[in-house]
Amino acid sequence: MRSLDRFLPALRATLAASAAPGGAAAALGALPQWDLTDLYPGLESPELTADLARAESECLVFEADHKGRLAEVLDAPDAGARMAAILKRYEGIEDLLGRLYSYAGLVYAGDTTDPVRAKFYGDLQEKLTDASTHLLFFTLELNRLDDAKMDAALADPAFAHYRPWIEDVRAEKPYQLDDKIEQLFHEKGITGRGAWNRLFDETIAGLRFDIDGKSLPLEQTLNYLAEPEEGKRKAAAEALAKVFGENLRLFTLVTNTLAKDKDISDRWRGFQDIADSRHLANRVEREVVDALVSAVHAAYPRLAHRYYKLKAKWFGKEKLAYWDRNAPLPRVETRTIGWDEARDTVLGAYSTFSPRMADIARTFFDRSWIDAGVRPGKAPGAFAHPTVPSAHPYVLLNYMGKPRDVMTLAHELGHGVHQVLAAPNGALMAPTPLTLAETASVFGEMLTFRRLLAAAPDRAARRAMLASKVEDMINTVVRQIAFYTFERRIHTERKQGELTAERICTIWKDVQAESLGEGIDLGPGYESYWVYIGHFIHSPFYVYAYAFGDCLVNSLYAVYENASDGFAERYLAMLAAGGTKHHSELLAPFGLDARDPAFWQTGLNLIERMIAELEEMED
């Protein structure tokens with residue numbers, strides 16, 4: 001079912017959120033933990049039990065009332081009004097199912113190693129899958145209705161309200177299968193892709209890495225790679241390589257199985273290209289993505305290659321070891337940024353742009369919609385999960401006081417503001433395609449960065465901030481397109497048979513070397529670093545959305561700088577549109593067009609100009 005399928009990817013859409021290793025807890029201050037009682041009071045609460053029973057009942061009754069009868073409704077004189085009423089009912093069930101699913105997912109994300117939570121999540125997922133099977137007929141049957149009759153019914157304003165959603169559903173018509181096959185795909189998803197996803201999640205959460213006599217989870221270990229002391233970075237890199245290598249067989253099996261699973265689905269549905277299903281879900285044309293990828297590939301030398309050679313020079317080296325890629329600049333003071341300072345920094349940046357935007361973001365702090373601390377078993381990375389329009393979003397972070405953590409907070413709050421603004425569109429049309437879902441988050445980062453840069457006390461601080469932003473943009477644009485390229489090669493070769501761990505590692509190193517350039521030494525151990533990238537598992541080809549969003553925001557910000565009057569109002573209106581408009585409609589008020597090849601160059605040129613400024617600031 002289209003809508004339910006969005007809830008888990010939204011939960012798992014994690015970024016490489018930065019966090020400091022242990023020892024800085026006191027300096028961070030009290031970190032918030034989210035309050036999920038706005039969804040349900042507890043795992044065994046009467047409210048949850050009642051809603052689950054109601055969801056199961058309403059799915060059955062909806063099927064009994066409407067399956068096989070939509071064509072008759074369309075022949076009625078008041079077809080539009082009747083279809084609108086049916087859709088409103090369907091939307092209400094979707095909201096209910098989504099509330100249950102979101103609660104289970106958020107509880108599970110809080111500690112994926114807790115067997116009680118894991119069982120609750122698994123059991124509820126099974127029950128919701130069974131219940132939603134009774135709704136499968138609806139979109140399938142909609143796509144078999146006569147186009148002319150549908151168009152006539154859409155003249156009714158109540159039914160026309162749902163036109164964007166209906167058009168999205170009908171775009172999937174060429175890839176729709178027989179009802180029984182769709183039901184089989186849906187039901188077996190929990191023991192197929194869903195089970196492999198869960199195995200990956202629980203395995204990653206359970207990994208421990210030994211550093212300096214401490215056994216650390218993945219998130220804290222990864223963030224040693226941003227420590228000022230090279231010895232700590234190297235120790236973390238070697239610990240990661242050791243544990244990844246020991247688990248390579250399992251992750252290779254997971255990768256091969258899921259790539260084959262996707263190949264089977266694509267073949268049955270008739271998708272021509274391995275990424276076409278993602279493009280369809282994102283409502284973006286293949287040629288637009290191909291233009292983005294080509295532009296970024298061509299820019300590798302003048303972006304990542306150029307920057308990392310410059311960074312190596314700052315460190316007095318010809319090449320940087322791979323564990324130095326995200327190292328802070330030498331001779332730059334580093335400090336732990338407390339939670340209160342991070343909150344005030346982001347809210348201040350948002351407020352300068354739009355008081356309304358800041359007010360929405362402040363709600364996340366005031367009402368305990370954020371879970372920020374690092375703890376064993378907690379899902380790594382960061383995400384903003386929209387839940388459902390009848391509730392509100394929640395944000396997960398692993399905050400440890402690094403400057404990049406402040407940017408991650410700005411990023412996820414951008415998502416949260418976007419989700420709040422889009423919620424009035426309802427459960428069917430609030431969700432935004434991934435390509436546009438990154439717009440508010442990356443824009444929030446840019447606002448925060450510009451505020452911090454303007455307040456830089458001296459030239460050294462400005463250089464450090466500028467370098468950090470360039471690295472973030474390279475990670476968002478160059479690295480994510482390299483990830484996309486890696487995925488394409490894996491899924492393409494998988495069509496010919498299973499890939500060995502050695503082959504996957506070789507592809508990984510080849511793609512990374514091409515994107516990062518000669519300034520980075522991808523030495524032994526790095527070949528297995530592909531194993532922890534959750535997007536490869538949960539949302540194949542998701543990653544290009546980050547590059548899309550970054551380049552889009554760079555172009556938007558240029559418009560803002562050149563003509564700020566009325567920009568905030570147009571920007572918030574774009575976010576409030578949710579999933580009701582195509583990217584071309586949303587960008588038109590800003591004079592932008594993602595189908596224009598020159599569009600991508602605007603975003604890439606901004607990164608290049610920042611690198612040039614850094615070159616001019618050399619000591």
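- The environment of K188 atom NZ is sparse: at most 12 non-hydrogen atoms of other residues, nucleotides or ligands sit within 6.0 angstrom.
- F483 has its ring centre less than 6.0 Å from the ring centre of F536.
- You'll find the side chain of D550 stays beyond 4.5 Å of the side chain of E438, heavy atoms only.
- Using a 30° and 60° split on the angle between ring planes, Y546 and H411 fall in the tilted class, from 30° to 60°.
- The minimum heavy-atom distance between F599 and D593, with the atom names listed, is CB-O, 3.3 Å.
- Side-chain contact check for Y544 versus V284: some heavy-atom pair is nearer than 4.5 Å.
- Within a 6.0 Å radius of NZ in K260, other residues, nucleotides and ligands contribute more than 12 heavy atoms.
- In this structure, Y484 and H279 have tilted ring planes: the angle between them lies in the 30° to 60° band.
- Atom CD of E561 has more than 12 heavy atoms from other residues, nucleotides or ligands within 6.0 Å.
- Checked against a 6.0 Å centroid threshold, the rings of H538 and F200 count as neighbours.
- Screening T255, D263, N256, L258 for a side chain to side chain contact (heavy atoms under 4.5 Å, CB included) involving R494 leaves a single residue, N256.
- For an aromatic pair to be called close, the ring centres must be under 6.0 Å apart, and Y101 with H385 fails this.
- Between F590 and Y571, the ring center distance fails the sub-6.0 Å criterion.
- Ring geometry for Y90 versus W165: interplanar angle of 30 to 60°, hence tilted.
- No more than 12 heavy atoms of other residues, nucleotides or ligands shown are found within 6.0 angstrom of CZ on R356.
- Ring pair Y394/H392 is tilted by interplanar angle, where 30° to 60° counts as tilted.
- Closest non-hydrogen pair, L142 versus M83, comes out as CD2-CE, 3.7 Å.
- Between F548 and H583, the ring planes are perpendicular. Angles over 60° get that label, and only those under 30° would be called parallel.
- A heavy-atom distance below 4.5 Å is found between the side chains of F159 and M150.
- When only modelled atom types and interatomic distance are considered, S441 and H418 share no side-chain donor-acceptor pair under 3.5 Å.
- Under the 4.5 Å side-chain criterion, counting only non-hydrogen atoms from C-beta, R479 is in contact with Q512.
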